[in-house]
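As the structure lists them, so they are numbered: ligands from 1, and atoms in each ligand from 1. Remember, predicted model here, so these are calculated numbers, not experimental data.
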Amino acid sequence: MKIETLRASNLRCFEELQFAPGSRINWLVGPNGAGKTTILEAAHILSRGRSFRPGGRVSPMRRGTHEYWIYAETAHDDGRRRRLGLSRTEEQWAARLDGAALPSLGPLFAACPVVFFGPESQGLVAGPAEERRSFLDWSVFHVEHESLDAWRSWRRALRQRNALLRGHGPGVEFEVWEHDLARLAGEIHAMRSRCLASLGPYLVEEAGSLVPELGEARIEYRPGWDEHVGLERQLAELRDRDRERGFTQRGAHRADWWMHFPGVARREHLSRGQAKAIALVCVLAQTRWLKDRVGEYPLLCLDDLGSELDSAHGSKVVAWLHAEPLQAWLTSSTDPDPRHLEGESRVFHVEHARMVEV
Ligand SMILES: Nc1ncnc2c1ncn2[C@@H]1O[C@H](COP(=O)(O)OP(=O)(O)O)[C@@H](O)[C@H]1O
Ligand SMILES: [Mg+2]
């Protein structure tokens, strides 16, 4: 997917945003606070309904306004063009795809794959399991759209069990929800396992080229409960302890996966630079994997790459971008190295929420 036109209104510093990127590598250059990250954020919101910024659920709506919208025209490898729109007020959202109103956001997200890397992405390595799960589940979603339904049902059943934990429901009520939870967790686990089995080799390969100094990566995945015991039995056994804590301690919401490197005993031993490079490995692997699995590259957004990586790793990434015929949006507070501008690169200056192509 390539975005041909992006427009937005009342998004952070932008009263109006208009961006017509080139089909390959687009550099957004400008001082801090100019609005560069916000442009990437607009694409990200179309792709997932929320921002990547810390506190991603805080509205990016321009101060003093009551509604923002984002609109994009996309071009696809099969020759199709699509029109995507999302608007939000404090209370509600509305989405459109090719002119038709959508009853749910799933089809919008499916039509708009955007992969993002920025300062927050090291959370993928150093942060809580939730960040790695969300990376994995987003990948799952793009190959198995029905995962959204499984997730919705899972969350509903989990809420029910958690409510029972806080009340004093009879055991039989627990049994009903625990049975459902075990079945849904099994479905989610199967999708995640399939996904990681096919994504894994891409992760290992990208790690081999971006961080060869760490040795060959090995992927580990834990479903969130003890598979030998089975989730249904574990939930029944843990009821009293879960009651004390007030929440369900086992299940699909506790899964985690990780890349082990022979040279790294513990994840906490990684330097910040290494953690960032590994997060970038995940993003590049996901990008190539999506191309092979879905038939099309996602839009790749790299925020502030230069300050995230040392120059040797940064140059490798730019070479990678030149070799893969995808659309990329990169931000930088300094002019890009002229050697990085070979091929089809375009440069836009962003200043005070205005964009000018150089
Ligand atoms: N809700 C908001 N309303 C108005 N302005 C905002 C809002 N949120 C952020 N801003 C401003 O938007 C600007 C753009 O930030 P950002 O896109 O992060 O810039 P850059 O990436 O170029 O450093 C900042 O100056 C920030 O103060
Ligand atoms: Mg920024």
Can you tell me which residue among H76, K2, K291, H142 is in a side-chain hydrogen bond (donor to acceptor under 3.5 Å, both in side chains) with E296?
H76
Considering only NZ, NE, NH1 and NH2 on the basic side and carboxylate oxygens on the acidic side, decide whether D256 and R132 come within less than 4.0 Å.
yes
So which protein residues pack against ligand 1 under 4.0 Å, heavy atoms counted?
R12, C13, P31, N32, G33, A34, G35, K36, T37, T38, R53, M61, R62, R63
Could you check, using the six-membered ring where one of them is a Trp, whether Y68 and F14 have ring centers closer than 6.0 angstrom?
no
How are the rings of H189 and W225 set relative to one another: parallel (under 30°), tilted (30 to 60°) or perpendicular (over 60°)?
perpendicular
Can you list, by chain and residue number, the protein N, O or S atoms under 2.8 Å from the Mg ion (ligand 2)?
T37 OG1
With the threshold set at 4.0 Å, does a side-chain nitrogen-carboxylate oxygen contact exist between R222 and E227?
no
If you define the side chain from C-beta out and look only at heavy atoms, does anything of S139 sit under 4.5 Å from L290?
no
Is the terminal nitrogen or CZ of R133 (NZ for Lys, CZ for Arg) located under 6.0 angstrom from the six-membered ring centre of W257 and within 45° of that ring's axis?
no
Distance to the ring centre below 6.0 angstrom and angle to the axis at most 45 degrees; does that hold for R48 and W138?
yes
Salt bridge check, E178 against R239: does any charged N sit closer than 4.0 Å to a carboxylate O?
yes
